[in-house]
There are 2 protein chains.
Amino acid sequence: MTDSDDILARQLWALGDTARLRILARLPRNPDCKHRNNVSQLAEDMGMPQPTLSHHLRVLRQAELVSYKRMCRDVYYWLDENAAHDVAKRLCDYVKEHAPKEEADVT
Amino acid sequence: MTDSDDILARQLWALGDTARLRILARLPRNPDCKHRNNVSQLAEDMGMPQPTLSHHLRVLRQAELVSYKRMCRDVYYWLDENAAHDVAKRLCDYVKEHAPKEEADVT
DNA sequence: TCCATTTATTGACATTTTTAAATACATGGA
DNA sequence: TCCATGTATTTAAAAATGTCAATAAATGGA
């Protein structure tokens with residue numbers, strides 16, 4: 001199990017939670033201040049306490065699935081779509097690479 | 001959050017564990033009795049207690065990522081490669097489908 | 001039927017995770 | 001500097017999870 005496999009596992013785990021999937025579905029794909037999707041507004045829209053949201057955002061941040069920037073007092077998160085697709089690709093690669101090579105049939 | 005999103009989350013979670021990723025890397029892609037990869041042998045090869053392995057196999061089974069068949073007293077598991085790829089695809093689709101539609105720029 | 005082998009389940013325990021309130025930290029305006 | 005706003009962290013409690021020993025269940029042979 002390589003380090004990169006550990007990272008893949010951690011990313012899959014981060015994605016494997018309904019609360020976090022719901023959050024991702026709400027995040028824009030680019031830094032976006034036009035719709036006032038700062039953390040507090042997002043928490044209110046989702047009916048989720050702000051500390052709970054911040055916790056999940058940290059998990060997603062540490063898995064490098066989301067990015068963020070601060071503007072004045074607000075923080076804006078967005079989903080790094082490429083990162084998500086990359087996780088999917090690396091999952092497929094992992095499965096392919098580890099396919100045990102078939103030995104000759106015992107005849 | 002639809003039922004199918006719940007299933008996706010559960011599958012991603014099942015994959016997001018290093019022990020289970022290691023197990024998947026050892027499983028053949030088809031029912032394969034030629035290499036004696038039954039549960040006990042796999043447990044021994046991996047240096048993992050058999051109950052621990054059975055536990056993880058159940059998680060993978062319930063996520064419909066592996067299949068198995070019993071032959072005599074042995075049980076043979078294999079990885080359903082299509083299921084794994086399908087999870088990857090559905091993750092990509094989920095991310096794409098929920099991309100918030102960009103409103104016209106505020107000018 | 002009894003026994004040996006293989007796999008699944010149960011039970012116990014420690015660790016991790018989720019949740020949310022309380023609080024700290026950061027920023028900018030008065 | 002003080003205050004208001006927005007976000008992150010700390011803290012605590014409950015729930016979920018991983019591990020593994022003990023045991024049950026399933027199968028087939030003697």
Side-chain angles (χ1 to χ4, degrees), chain A residues 1 5-6 9-24 26-28 31-78, chain B residues 1 5-6 9-24 26-28 31-78:
Chain A
M1 175 84 22
D5 292 339
D6 278 331
R10 194 68 185 177
Q11 290 181 307
L12 289 167
W13 173 83
L15 290 165
D17 178 273
T18 55
R20 288 192 285 270
L21 281 186
R22 284 199 304 123
I23 292 167
L24 292 183
R26 295 265 195 160
L27 294 183
D32 175 11
C33 312
K34 294 197 293 295
H35 304 111
R36 188 170 168 65
N37 59 329
N38 64 8
V39 173
S40 295
Q41 189 64 45
L42 184 57
E44 185 179 332
D45 290 349
M46 300 191 66
M48 179 181 286
Q50 175 265 318
T52 299
L53 177 56
S54 278
H55 163 72
H56 287 302
L57 287 172
R58 178 162 67 168
V59 171
L60 293 168
R61 229 192 304 133
Q62 290 175 335
E64 300 190 8
L65 293 164
V66 300
S67 306
Y68 69 99
K69 71 175 177 189
R70 176 183 284 276
M71 289 195 63
C72 296
R73 273 170 298 195
D74 302 320
V75 175
Y76 296 93
Y77 281 82
W78 66 95
Chain B
M1 175 85 21
D5 292 340
D6 278 331
R10 194 69 184 174
Q11 290 181 307
L12 289 167
W13 173 83
L15 291 165
D17 179 273
T18 55
R20 288 192 286 271
L21 282 186
R22 284 199 303 124
I23 292 167
L24 292 184
R26 295 265 194 162
L27 293 183
D32 175 11
C33 311
K34 293 197 295 295
H35 303 112
R36 189 171 169 67
N37 59 329
N38 63 9
V39 174
S40 295
Q41 189 64 44
L42 184 57
E44 185 179 333
D45 290 350
M46 299 191 67
M48 179 181 287
Q50 174 266 320
T52 300
L53 177 57
S54 278
H55 164 71
H56 288 302
L57 287 172
R58 178 163 66 167
V59 171
L60 293 169
R61 229 192 303 134
Q62 289 174 335
E64 300 191 9
L65 292 165
V66 301
S67 306
Y68 68 99
K69 70 176 178 187
R70 177 182 283 276
M71 289 193 64
C72 298
R73 273 170 298 192
D74 302 319
V75 176
Y76 296 92
Y77 282 81
W78 66 95

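A note on names: the letters A, B, ... follow the listed sequences, proteins ahead of strands, and every chain is numbered from 1.
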Earlier contact from the 5' end, DNA chain D, for A:Asp74 and A:Arg61: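 Result of the comparison: A:Asp74.
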CA sep, side-chain torsions, deciding dist, call: B:Asn37, B:Gln41, side chain to side chain donor-acceptor pair (under 3.5 Å): CA-CA 6 Å; B:Asn37 59 329; B:Gln41 189 64 44; over 6 Å; no
Would you kindly give the [atom1]-to-[atom2] distance between [X] and [N], to the nearest whole Å?
| X | N | atom1 | atom2 | result |
| --- | --- | --- | --- | --- |
| A:Arg58 | C:dT18 | CZ | C1' | 13 Å |
| B:Met71 | D:dT27 | CE | P | 14 Å |
| B:His56 | D:dT17 | NE2 | C1' | 10 Å |
| B:Leu53 | D:dG18 | CG | P | 14 Å |
| B:Leu12 | C:dT17 | CG | C1' | 17 Å |
| A:Arg70 | D:dG6 | CZ | P | 12 Å |
| A:His55 | C:dA21 | NE2 | C1' | 15 Å |
| A:Leu42 | D:dT7 | CG | P | 10 Å |

Looking at every strand, decide which applies to [X] at a 4.0 Å heavy-atom threshold: base, sugar-phosphate, or nothing.
| X | answer |
| --- | --- |
| A:Pro49 | sugar-phosphate |
| B:Tyr77 | sugar-phosphate |
| A:Tyr76 | nothing |

A:Gln50-A:Ser54 side chain donor-acceptor pair, cut-off 3.5 Å: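 Present: a donor and an acceptor within the cut-off.
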Heavy-atom side-chain contact between B:Leu24 and B:Val66 under 4.5 Å: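 The answer is yes; the side chains approach within 4.5 Å.
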Give the minimum heavy-atom separation between [X] and [Y], together with the two atoms involved.
| X | Y | answer |
| --- | --- | --- |
| B:Asp17 | A:Ala9 | N-CB, 4.0 Å |
| A:Leu21 | B:Asp5 | CD1-O, 4.0 Å |
| A:Val75 | A:Tyr68 | CG1-CD1, 3.7 Å |

C:dT7 phosphate, OP1 or OP2, under 4.0 Å from B:Ser54 side-chain N/O: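 For C:dT7, OP1/OP2 do not have a side-chain N/O of B:Ser54 under 4.0 Å.
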Phosphate contact (D:dG6 OP1 or OP2) by A:Ser40 side-chain N/O below 4.0 Å: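 Checking D:dG6 against A:Ser40, no side-chain N or O comes under 4.0 Å of OP1 or OP2.
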Base D:dA8 paired with A:Gln50 side chain (donor-acceptor, <3.5 Å):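 Such a pair is found, so the answer is yes.
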Side chain of [X] (C-beta onward), nearest among [options]:
| X | options | value |
| --- | --- | --- |
| A:Trp13 | D:dT9, C:dT19, C:dT17 | C:dT17 |
| A:Asn38 | C:dA21, C:dA8, D:dG6 | D:dG6 |
| B:Asp17 | D:dG28, D:dG18, C:dA8 | D:dG18 |
| B:Arg73 | C:dT19, D:dG28, C:dT7 | D:dG28 |
| B:Arg10 | D:dT17, C:dT18, D:dC20 | D:dT17 |
| B:Pro51 | C:dT9, C:dT17, D:dG28 | C:dT9 |

